[in-house]
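Values reported hereafter were calculated over all heavy atoms of this structure, with side chains retained and with hydrogens, waters and symmetry mates removed.
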Amino acid sequence: MPYRRSDWHEHLVEVWGEYKSTRAAVDRLRAAIVSTPDLLSNDRVAREYLSQADKNLEGTYIVRLFAAFEAALRSFDRAKHNDPARETEAAIMIDQIGGKRGRGIQPGIRQRAHDVRRVRNYWAHESDEDPGPMTIDEARHRLQTYLRELPDEWG
Amino acid sequence: MSEQREQFQRRVEELVAQFEREVDRREWVTGRYPKKLRDEARQVYEVPALRLQKGPINLLLDPIAYDVPGAEGAADLYLMPGYDPTASIYFEDGRWVIHYAFPPDPFETQSVIETQILPLSAETINQVLNSIAEHAVP
């Protein structure tokens, strides 16, 4: 059965939506703790890691968002080369994937996807190179725009 | 198949059909495609999603879920290609309603952005779609 690009778009939407829900939950928990300081007194670990969870939440979800994007590229890359075991690095796939009708993807769109990849590297690999701030909304916008360049179906 | 899921499929079908019927055909071109969702038993099912195009502006009416707090169904209107959220549509109190924050009037000095809840009709559908298109950066 062929893979549909729309399904991959939806997968990214789901990850982004889960972030929005989790963000709201963490924000509300932090606010609740201000008014009720002993709210987490029976959950020591949750209490101790709340600030860190709050600080790292967006980066954590950017890692998941990029993983969903990378899975889409890998699916397309494997179908294109008729090799279900093919493993190509994300950076190479971003540059080499031909897009619709095999034509290259515009440099600006590729560059913006690479920027998200660097942010992913920073969070996932604890890279020392700070790529600068990027919101998950911006990351979602860039990755979805790149995916739009792929054919409607493959495989 | 759960009753909730079947009901959601019927409601989404009605929602998409209403957009197709009510949208101003002189301005907008529409096209359906099947969207896969999973129910509470992790079973895959399909509902229609709807692409809407007006010149360079591309929108997507995207059904989300029936398991939504305070509503019996949700769909979003995204500005493409970045999937930027613009409006939400909920099934509340037995009908679909649009939640949309009209952008402030640039000539008003003190404008407050408030999300409005509008019943779904030919008028509100076109009002919201045209407002999104007018303020969108494609």
Side-chain angles (χ1 to χ4, degrees), chain A residues 1-25 28 61-62 64-66 68-69 71-72 75 99-100 105-106 108-113 115-116 134-155, chain B residues 8-9 12 16 29-40 42-53 56-71 73-90 99 101 115 132 135-138:
Chain A
M1 203 169 77
Y3 290 99
R4 299 188 305 208
R5 174 165 55 83
S6 60
D7 292 338
W8 295 104
H9 282 295
E10 297 298 342
H11 189 27
L12 267 71
V13 169
E14 285 165 14
V15 174
W16 169 78
E18 283 177 32
Y19 164 75
K20 293 290 183 180
S21 283
T22 311
R23 175 82 270 163
R28 282 174 184 271
Y61 271 89
I62 287 177
R64 271 194 65 193
L65 193 70
F66 192 87
F69 170 75
S75 160
K100 291 188 175 81
I105 292 174
Q106 282 179 36
I109 293 174
R110 280 191 277 126
Q111 191 51 52
R112 286 189 279 278
D115 293 342
V116 183
M134 183 184 292
T135 64
I136 196 165
D137 287 352
E138 181 62 30
R140 182 255 306 140
H141 180 95
R142 291 175 181 216
L143 299 181
Q144 294 281 29
T145 302
Y146 184 103
L147 279 188
R148 188 78 183 272
E149 296 296 313
L150 300 187
D152 291 343
E153 287 186 350
W154 58 81
Chain B
F8 181 64
Q9 282 177 295
V12 169
V16 169
V29 178
T30 63
R32 286 185 180 211
Y33 76 84
K35 175 181 176 175
K36 283 182 194 162
L37 288 170
R38 283 187 191 274
D39 64 14
E40 65 273 23
R42 303 286 300 157
Q43 296 296 308
V44 175
Y45 66 102
E46 286 192 350
V47 291
L50 189 70
R51 296 190 180 100
L52 300 121
Q53 187 182 357
I57 305 297
N58 282 284
L59 303 180
L60 175 66
L61 174 62
D62 189 32
I64 303 297
Y66 53 80
D67 179 19
V68 178
D76 279 334
L77 265 172
Y78 291 114
L79 177 64
M80 307 300 277
Y83 276 76
D84 301 313
T86 56
S88 293
I89 302 165
Y90 295 106
H99 291 223
T115 299
I132 293 168
H135 295 89
V137 181

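In this structure, the portion of Asp62(B) lying under 4.5 Å from any heavy atom of chain A is its side chain and not its backbone. The contact between Tyr83(B) and chain A is made by backbone and side chain atoms together, counting heavy-atom distances below 4.5 Å. With a 4.5 Å cut-off on non-hydrogen atoms, Leu37(B) does not touch chain A at all.
If you tally non-hydrogen atom pairs under 4.5 Å between each of Leu12(A), Val13(A), Leu143(A) and chain B, the highest count goes to Val13(A). The residue among His9(A), Arg142(A), Glu149(A) with the most heavy atom pairs within less than 4.5 Å of chain B is His9(A).
Residue Pro81(B) comes nearest to Gln144(A) through the heavy atom pair O-CB, 3.4 Å, listed as atom of the first residue, atom of the second, then distance. Shown here for Pro34(B) and Ser6(A), the closest heavy-atom pair between the two residues is O-OG, 4.4 Å.
Using cut-offs of 30° and 60° on the angle between ring planes, the pair Trp16(A) and Tyr78(B) is perpendicular.
Applying the salt bridge (Lys or Arg N to Asp or Glu O under 4.0 Å) test to pairs two or more places apart or on separate chains, those with a residue in residues 6-19 of chain A are Arg4(A)-Asp7(A), Asp7(A)-Lys36(B), Glu10(A)-Lys35(B), Glu18(A)-Arg64(A).
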